Amino acid sequence: MAEKVYDFLEIEHKWADAWEASGDALYSAEENSAKPKYYVLEMLPYPSGALHIGHIKNYAIGDALARYMWMRGFNVLHPMGWDAFGLPAENAAIANQRPPREWTLNNIAKMKRTYRRFAFSFDWTREVTTCEPDYYRWNQWFFLKMLERGIAYRKKALVNWCPLCCTVLANEQVVDGCCWRHETTPVEQRALEQWFLRTTKYADQLLDDMRQLEGNWPERVLTMQRNWIGRSAGTEVDFAICGDSRNIRVFTTRIDTIYGATCLILAPEHSLVAELLDSTAQARAKAMVDARAAGGPGDFEKEGFATGLEARNPFSGELLPVWIGNFVLTGYGTGAIMAVPAHDQRDFEFCVKYGLPVRAVISATGEGALEHLETALEIDGFVENSGPYSGLSSEEARRRMTHRAQNEGFGAASITFRLKDWGISRQRYWGTPIPVIHCPVDGIVPVPEAELPVLLPADVRMTGEGQSPLVTAPEFVNVKCPVCGGPARRETDTMDTFVDSSWYFYRYCDPKNGSAPFDSKKIAYWFPIDQYIGGVEHAILHLIYSRFWTKMMRDLGLTQNDEPVRKLFTQGMVIRDGAKMSKSRGNVIGADDVAEEYGADASRMFVLFAGPPEKESDWTKSGIEGIARFLGRVYRFATRNAVSTGTGAADDAVQRKLHQTLKKITEDFESRWHFNTSIAALMELLNELHAHESAISQAAMKETLRALTLMMAPFAPYLAQELWTGQGFAGPVFKQPWPQYDADRARETGAEIVLQVNGKLRGRLTVPHGTPEQELKARAAEHDKIAPLLSGKTIVKVIVVVDRLVNFVVK
RNA sequence: GCCCGGGUGGCGAAAUCGGCAGACGCAAAGGACUUAAAAUCCUUUUUCGCGGAAGCGGAGUGUGGGUUCAAGUCCCACCCCGGGCACCA
């Protein structure tokens, strides 16, 4: 039969239209299925208006997996939605005088066309758009539930303010002291009344449940989360201030070193500064705070000053001077430390600088040999010069000292976390309204559940100035108090958009539910997510918030699972000329453009072929041209061999190659996900077919092409479908059973034995599989390349590995 | 500074359990087809030495050591690149 030209645009558009016409059922998950379920999810995008090649890589991985799992007979849930609230819509609205909603929905429509153009197998019947009231009302509902339980609360606190976003940011959204969206804009500290979610209540669980994730989440994501949560166990101890009834409470993990404390240091923001110090000292502390804020991230010189106060060490009875130090953090522990310069490097630097004494109280051996220290000795060892505790191990001393502090009422064991509560108030319009009302009589009153959703008003003037634009919408702000009926003000801050993405994947399981966020029975079937795929940049943002939200929902009785995601995969970026793609560099590769130029199949296949998916892949024009060439070769080969007249002489060899390929690709899907080698194997198979083209019988040709087509389906769905239909088969190719490999048929007939002398390759020998050791040894010894090298030498040893090699060790 | 990754041809990479280093692709060079070009197909391509050639020999996976019959793979030390954490008491 005549070979056909591979017109990818014609083929891809033809099937895109056909699939579009067949409706949404094609990729719909089954609701009541006897099949095992498989929930595969890619992180939902922000609807910026255009997909780029980095998105394509994310979805190409997930889509290959979804299609493979379908072919393996699973009931696959593969949904997609829109993280549709957020600042860009608002900024665009300010720029073009069009409402954020219109801009957002337009972008969604555009991007959805691109998704369809790429034939990603999303179940659009479950689409979730977070800016729609039928979604965000449940954000509000959850908020009310959390408010009832004290998980949501309001407090005045120093918060991170991004002057470009004109809003507050959570700690997780501050990177190196700068805004996560404006990497060169330092955040400012402002004291504001804000809504918080008590993530710290779950700090222990967030940490401990990581054990369930080990092995299935990338180790570095777990490490980042562990660092972020930052649990440390220690003791809080009170030091009585001389001449005052108050105490200074410090937190330490090394109470065993307390006899070595030579001063106390308070954070400059510590409450005692205002309570006990004169105005000069207060001004110095204030200057320190300001200097620190202005300095930005990075190293800074330790500075401090003595307050003139003294406090008593409750163990030694010694009086210690009280200092203020710029390196003591107000937000961690108690905001005050005992400085033990001999055993803490930071304290060491501070005390040496200000001439405070350094006194060693820990030795490595316990033999009382305390040397003069050039640097802090930060080890566990044996306590010395510590009154009744001298001679104890550090661990034992910590136990006894903590015990005594507790008994005598001047301290307690304490666990401190670096993790802080999640500040969710945003002074912006385009987000979920926080459903509370401020009443001058009744204070903060939750909006009654029956009145949800609190709708975002449509006509609001975007200002981009410090306050939420909602402040300027009187019909929104002015309400009656639900309790007393008197005039009251509605809360005008909106929620952080990370709230939206904290539970969207639950909504996919029951997207139309009007009476609850979801039906718990449906969650019980689909959850946890079997495979989540996204970028590593969300390691301590989205991925920690989602874990918190899941635990919170479980405690509301809505779900059973402790964790939302069983397996996490973080794909590497697509880079270009060694650099990250970004708008500012102008080197972004648009998805629509590559689909037009090379085809959707070639584009997605290329990003998978460029390297293992967890690593960065380099975008090159010649690289994608190579893949496009390969697809063309497959198409032409298949069409010209629809009827073949081959002799059959190569049937065995082709069969073997086919089963080797099936084995390879099946194993790649089941374990490593190194799709670059899967695609290489497909290329090898085609090269083999090509080399023996006229020697393959009609039957073998048909069987091989059929299997090749099925193996192409997860990577190049358009071409696979076209070939499948062209071979006379009906139905969607990715709903066919995945072809099984036969290990016997994959095996080579003969084994090539490597012959070595003293570990150097000197010859080869082909023998039947499983030829025994003795025979291998004998045949190797008489091999014409080996025999001369053995003559006149003493054979010390012969290593034989059946089916692999013979190595003669000679002298 | 600490904790993870990683370093292999001109380039992206492969080598999954310690057993043929460089699969597959790109780029390059030569050739076939063509009036010509594109497309396609064929050949060569780690490197050095000898050879007209088939071939023969040496070296080679960041550097230096080690274990082993055998090391890209394991161990020790170091260098470089990427990422995370970094006054968290």
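Atom set for the values below is all heavy atoms of this structure, side chains included, hydrogens, waters and symmetry mates excluded. Being a predicted model, the structure only gives us computed values, none of them experimental. Lettering follows sequence order; numbering is per chain, from 1.
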What are the atom names and distances for every N/O pair under 3.5 Å that joins the protein to nucleotides 26-31 of chain B?
from: B:rC26; atom 1: OP1; to: A:R629; atom 2: NE; distance (Å): 3.2
from: B:rC26; atom 1: OP1; to: A:R629; atom 2: NH2; distance (Å): 2.8
from: B:rC26; atom 1: O2'; to: A:S622; atom 2: OG; distance (Å): 2.9
from: B:rA27; atom 1: OP2; to: A:R629; atom 2: NH2; distance (Å): 3.4

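Residue whose closest nucleotide on RNA chain B sits further toward the 5' end, between A:T416 and A:K785: A:K785. Ranked by how close their nearest RNA chain B nucleotide is to the 5' end, A:K760 and A:W228 are led by A:K760.
On the P atoms, B:rU67 is 25 Å away from B:rU16, given to the nearest whole Å. B:rA14 and B:rA23 have their P atoms separated by 13 Å, with the value rounded to a whole Å. As rounded to the nearest Å, B:rG7 and B:rC78 have C1' atoms that lie 14 Å from one another. The P atoms of B:rC76 and B:rC3 are separated by 13 Å, rounded to the nearest whole Å. If you take atom P in B:rC4 and the same atom in B:rA71, they sit 27 Å apart, rounded to whole Å. One C1' atom belongs to B:rC20, the other to B:rU61, and the distance between them is 15 Å to the nearest Å. Nucleotides B:rU34 and B:rU40 place their C1' atoms 11 Å apart, quoted to the nearest Å. B:rG62 sits 23 Å from B:rG58 when the P atoms are compared, rounded to a whole Å.
Closest to the A:F327 side chain, of the nucleotides B:rC87, B:rA21, B:rA86, is B:rC87.
Counting to the nearest Å, the C1' atom of B:rA70 and the CG atom of A:L755 are 14 Å from each other. Rounded to whole angstrom, the span from the CD atom of A:E684 across to the C1' atom of B:rC24 amounts to 6 Å. Whole-Å rounding puts the A:R418 CZ to B:rC85 P distance at 8 Å. A straight line from CD1 of A:I679 to C1' of B:rA23 spans 15 Å, rounded to a whole angstrom. At whole-Å resolution of the value, CZ in A:F630 and C1' in B:rA39 are 18 Å apart. B:rU68 atom C1' lies 19 Å from atom CZ of A:F808, rounded to whole Å. The CZ atom of A:F675 sits 17 Å away from the C1' atom of B:rC24 (whole-angstrom rounding). Taking atom CG of residue A:D347 and atom P of nucleotide B:rA89, one finds them 12 Å apart after rounding to whole Å.
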Name each donor-acceptor pair under 3.5 Å that joins a side chain in residues 684-694 of chain A to protein atoms two or more places apart or in another chain, with its distance.
from: A:E684; atom 1: OE1; to: A:K657; atom 2: NZ; distance (Å): 2.9
from: A:N687; atom 1: ND2; to: A:M683; atom 2: O; distance (Å): 3.4
from: A:E688; atom 1: OE2; to: A:H692; atom 2: NE2; distance (Å): 3.4
from: A:E693; atom 1: OE1; to: A:R640; atom 2: NH2; distance (Å): 3.1
from: A:E693; atom 1: OE2; to: A:R640; atom 2: NE; distance (Å): 2.6
from: A:E693; atom 1: OE2; to: A:R640; atom 2: NH2; distance (Å): 3.4
from: A:E693; atom 1: OE2; to: A:N641; atom 2: ND2; distance (Å): 2.9

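Counting non-hydrogen atoms under 4.0 angstrom, A:E349 reaches nothing in the nucleic acid. As judged by a 4.0 angstrom heavy-atom cut-off over every strand, A:R636 is placed among residues touching the sugar-phosphate backbone only. Counting any heavy atom pair closer than 4.0 Å across all strands shown, A:V328 reaches a base atom. Among the atoms of the strands shown, none is found under 4.0 Å from any heavy atom of A:R226.
The side-chain hydrogen bond (donor to acceptor under 3.5 Å, both in side chains) search around A:T334 returns none, not counting sequence neighbours. Taking the side chain to side chain contact (heavy atoms under 4.5 Å, CB included) definition, one finds that A:R804 meets it with A:V801, sequence neighbours left out.
When ring centroids are compared, A:F315 and A:F410 come within the 6.0 Å threshold. Ring-centre distance between A:F669 and A:F715: below the 6.0 Å cut-off.
Using a 4.5 Å heavy-atom cutoff, the side chains of A:I258 and A:F239 are in contact. Between A:Q660 and A:R656 the shortest side-chain heavy-atom distance falls below 4.5 Å. Within the 4.5 Å cutoff, the side chain of A:T666 has heavy atoms near those of the A:Y68 side chain. Side chains of A:P714 and A:F675 form no contact here, defined as non-hydrogen atoms less than 4.5 Å apart.
Side-chain atoms of A:K302 never come within 3.5 Å of backbone atoms of A:E349 as a donor-acceptor pair (strictly under, hydrogens ignored). Side chain of A:T262 to backbone of A:L356: no donor-acceptor contact under 3.5 angstrom is found.
Regarding the sugar-base torsion, B:rC75 falls in the anti class, its angle being beyond 90° of 0. Within 90° of 0 lies the glycosidic angle of B:rG9, which makes this nucleotide syn.
To the nearest 0.5 Å, the span separating CH2 on A:W228 from CZ on A:R418 amounts to 5.0 Å.
A sub-4.0 Å separation between OP1 or OP2 of B:rC42 and a side-chain N or O of A:H690 is present.
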Per-nt protein contacts along nucleotides 1-19 of chain B (heavy atom under 4.0 Å; B base, S backbone sugar-phosphate only, - none) come out as -----------BSSSB--B
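Looking at A:E614 and A:W673, their side chains never bring a donor and an acceptor atom within 3.5 Å of each other.
By the 30° and 60° cut-offs, the orientation of the rings of A:W619 relative to A:F606 is perpendicular.
Stem regions annotated for RNA chain B: B:1-7 with B:79-85, B:10-12 with B:24-26, B:28-32 with B:40-44, B:46-50 with B:55-59, B:62-66 with B:74-78, counting only runs of 3 or more consecutive pairs of Watson-Crick or G-U type with both contacts under 3.5 Å.
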